[in-house]
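Read through the structure below, which is laid out as structure tokens, and then see the notes.
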Amino acid sequence: MSASTSALSHYTLSKATLDFLARQHGHFINGKWVHPSTGSSIDIHDPATGLKISSCSAGGAAEIDAAVKAARAAFEGPWSKFTAAQRSTVIWKISDLIVANFQQLCELEILDNGLPTPLAQYVCGMVVPEFFRYYAGWPTKIEGSTIPAAPQGKLPGEALSFTLREPIGVVGAITPWNSPLPMVMLKIAPALATGCTLVLKPAELTPLTAMRLAEICQEAGVPDGVINIVNGYGESAGAALAAHPGVDKIAFTGSTEVGRLIVKAAAGNLKKVTLELGGKSPVVVFPDADLEQVIPGAARACFFLQGQNCMAGTRLFVHEQVHDKVVEGIAAIARSMKLGPGLDPTSEFGPLISSQQRDRVSGFVEAGRKEGAEVVCGGSAPMRPGYFFEPTVLARTQSAMTPVKNEIFGPVLCVQTFGDGDLDAVARAANSTIYGLSGSVWTRDLGIAMQMVRKIDAGQVSVNMHAAIDPAVPFGGNKQSGWGREFGKEGLEPYLKTKGISMTW
Ligand code: NAP
Ligand code: MG
């Protein structure tokens, strides 16, 4: 029995999933799976057990170069002949095929990342198909404008000035492991809608659904070379993609630290760059808020995806009047959450992605303990296989403490309090971070809500909910959380360039 077969024997999986895992995964270049005869391979693990379930090739500069050439040829060739309406049809077909492959995509996503079944079902059945449907509507609506200009002194009627919106070209996409399929969707859908082509380097820890999605896109009618996947490590394949002179734009999602490396690597040909980076988002609770809503909402804001979520509400600012009730309520939810493999439908809280990530989270909790934080619940890794860590609440924290300052990317909620006083002081505390990705305000007072919405320095702020994403609503980071926006109409902009044209006759 192979390592991967025994690692999967305690799950009930579809044949499609088992067959996919049993394959030798290479790179998807110009519509074909390519298997390099040399080079290393990467083992893919189930984070709920730590056991190997599959493997893929580790590509480098040569594979990136071949993929960029294929993407350039497709951009200038067959893909450029597609009308906007034909691109719409293909993107809509992708969403239909995602729905048709729902079971397999759920199983692969859970095995790769560890997320619980209900969340995987929501992602693969709702979030991802809806996102493709939303972007399927855009190709026929990407328009330039006519401009009442007078180039070279021409009078009205003697000249015409207008703009063309053109695809930016070959896009290099680099994605993280925390929500693998949605992260890839965020790059592929706007690239297809605008007429770009793409070379994707998925996270080395979670490449499975990205590879399956590339096949689905091909089946939907996306021409060969439009979507290419090179598997591999960030320092080799990722760095080669970011530096490649044939790439016109990098769309990166990952840590702020690697984001800085991407900017440096992109400087060679001054390729355009968008960055979706880290976060340390505030959840601000006023005393008049509906606590029945706040307590489960704040627990979900932090513990969703085991806290491995860029938008996670990991700094809770709660008014001292309701502090005890809110903290006890969240801790009760955290203690009651059933830890277990995502494929067990009764699990409510899955494993972290790797042993390194679990140890890193544990280190932040220990640092907080030493600096005077009170561990209200959780705080350790249970003795069981896999990379589990308990949902944790740290009370009595301050802005200068290690777990408060750093993006932990794990299930650790840091609580601070505030009293009556001006909203500027509350906002200053909420904004005392290098990040500015997301945030939420909880109150029944619309005046407070609207003032706080303006004062919180983040790309996304929600009221009486947290991380309220929708395909049509722009999302992205202020400060060191990133450059540019994804989602919505604004999410198309980084994939387009504007040409200004003036003509006379
Ligand atoms: P990461 O270490 O920055 O990696 C992200 C991607 O970059 C991976 O594919 C990685 O490859 C690759 N990479 C690493 N070094 C590289 C280099 N020198 N050049 C080019 N590519 C390189 O981030 P992560 O640990 O996977 O993900 C967690 C981070 O992502 C968190 O900070 C989180 O906040 C952020 N995130 C942000 C958003 C958002 O929308 N703002 C969404 C999700 C996650 P390997 O996989 O081989 O390391
Ligand atoms: Mg990594």
Side-chain angles (χ1 to χ4, degrees), residues 40 42-45 56-61 64 112-113 115 123 172-187 199-208 210 229-244 247 250-268 271 273-281 304-314 352-354 356-357 360-361 406-410 433-439 458-460 467 469 474-487 491 494:
S40 58
I42 299 173
D43 289 348
I44 302 168
H45 296 101
C56 67
S57 303
I64 290 289
D112 222 1
N113 165 273
L115 78 172
V123 163
I174 302 175
T175 53
W177 46 259
N178 68 310
S179 185
L181 188 59
M183 294 299 126
V184 171
M185 148 203 106
L186 281 164
K187 313 299 183 218
V199 177
L200 168 72
K201 204 297 282 175
E204 86 203 33
L205 295 170
T206 57
L208 293 174
I229 296 203
V230 177
N231 286 309
Y233 297 107
E235 313 82 72
S236 44
L241 184 58
H244 199 290
V247 172
I250 289 285
F252 174 78
T253 303
S255 61
T256 295
E257 186 191 354
V258 175
R260 277 188 242 287
L261 298 177
I262 301 289
V263 171
K264 284 190 194 141
K271 57 175 71 69
V273 177
T274 43
L275 303 169
E276 292 284 347
L277 308 175
K280 191 79 189 175
S281 300
F304 173 75
L305 279 173
Q306 289 75 251
Q308 303 171 127
N309 171 15
C310 57
M311 304 173 276
T314 47
L352 302 189
I353 193 70
S354 64
Q356 289 92 319
Q357 185 68 3
R360 187 170 173 274
V361 171
N406 293 279
E407 183 188 45
I408 298 175
F409 224 54
T433 164
I434 61 165
Y435 299 108
L437 192 59
S438 187
Q460 179 206 47
I469 56 156
F475 175 83
N478 293 356
K479 299 196 274 183
Q480 295 185 37
S481 287
W483 287 352
R485 294 292 179 266
E486 292 187 322
F487 292 81

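On a predicted model such as this, the values are computed, not experimentally measured, just so you know. For ligands, and for the atoms within them, numbers begin at 1 and follow the listed sequence. Sequential numbering from 1 along the given sequence is applied to the chain's residues.
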Heavy-atom check, side chain of Leu352 versus side chain of Phe409, under 4.5 Å = no

Quick note on ligand 1: atoms under 4.0 Å from a heavy atom of Tyr233 include exactly 47 (O)

Per-atom filter on ligand 1: closer than 4.0 angstrom to a heavy atom of Asn178 are 43 (C), 44 (C)

Honestly, for Leu437 the part within reach of ligand 1 (heavy atoms, under 4.0 Å) is side chain

Checklist line | Under 3.5 Å: N/O of Pro176 near N/O of ligand 1 | finding: no

Between Cys310 and Leu277, the two heavy atoms sitting closest are CB-O, 4.0 Å

Any heavy-atom pair between the side chains of Ile44 and Leu208 that's under 4.5 Å?
yes

Within the 4.0 Å heavy-atom cut-off, what Glu407 brings close to ligand 1 is side chain

If we number the atoms of ligand 1 from 1 as shown, the ones under 4.0 Å from a heavy atom of Ala239 are 19 (N), 20 (C)

>> Less than 4.0 Å is my threshold; does some heavy atom of Met183 fall inside it relative to ligand 1?
In response: yes

Contact with ligand 1 for Ala237, non-hydrogen, under 4.0 angstrom
no

I'd like to know if the side chain of Asn309 reaches the main chain of Met311, judged simply by a donor and an acceptor atom lying under 3.5 Å from each other, with no hydrogens or angles considered.
yes

Atoms of ligand 1 under 4.0 Å from any heavy atom of Gly232, numbered from 1 in the order shown, are 47 (O)

Phe475 meets the ring-ring contact (aromatic ring centres under 6.0 Å, His included) criterion, sequence neighbours left out, with Phe487

If we number the atoms of ligand 1 from 1 as shown, the ones under 4.0 Å from a heavy atom of Ala203 are 9 (O), 46 (O)

Among Gly476, Gly254, Cys310, Ser179, the residue with a heavy atom nearest to atom 35 (C) of ligand 1 is Gly254

Decide side-chain hydrogen bond (donor to acceptor under 3.5 Å, both in side chains) for Lys479 and Thr433; before the verdict, give the C-alpha distance in whole Å, the side-chain angles of both, and the deciding distance to 0.1 Å.
-> CA-CA 9 Å; Lys479 299 196 274 183; Thr433 164; 5.7 Å; no

A student comparing Leu261, Leu205, Ile469, Thr253 should find that the heavy atom closest to atom 5 (C) of ligand 1 comes from Thr253

Residues pairing under side chain to side chain donor-acceptor pair (under 3.5 Å) where one sits in residues 254-265, two or more places apart or in two chains, turn out to be Arg260-Gln480

Checking heavy atoms under 4.0 Å, the part of Ile262 that sits near ligand 1 is side chain

Quick note on ligand 1: atoms under 4.0 Å from a heavy atom of Phe475 include exactly 40 (O)

Kindly determine whether Val247 and Val199 satisfy side-chain contact (heavy atoms from CB on, under 4.5 Å), including the steps that lead there.
CA-CA 9 Å; Val247 172; Val199 177; 5.9 Å; no

inquiry  = Checking the side chain of Asn231 only, and the main-chain atoms of Cys56 only, is there a donor and an acceptor separated by less than 3.5 Å?
reply    = no

Atoms of ligand 1 under 4.0 Å from any heavy atom of Gly238, numbered from 1 in the order shown, are 19 (N), 20 (C), 21 (N)

| message | Pairs of nitrogen or oxygen atoms closer than 3.5 Å, one from Ser481 and one from ligand 1: do any exist? | response | no

Open item on the list: Quick check: do Asn178 and Ile353 have side-chain heavy atoms less than 4.5 Å from each other?
Closed with: no

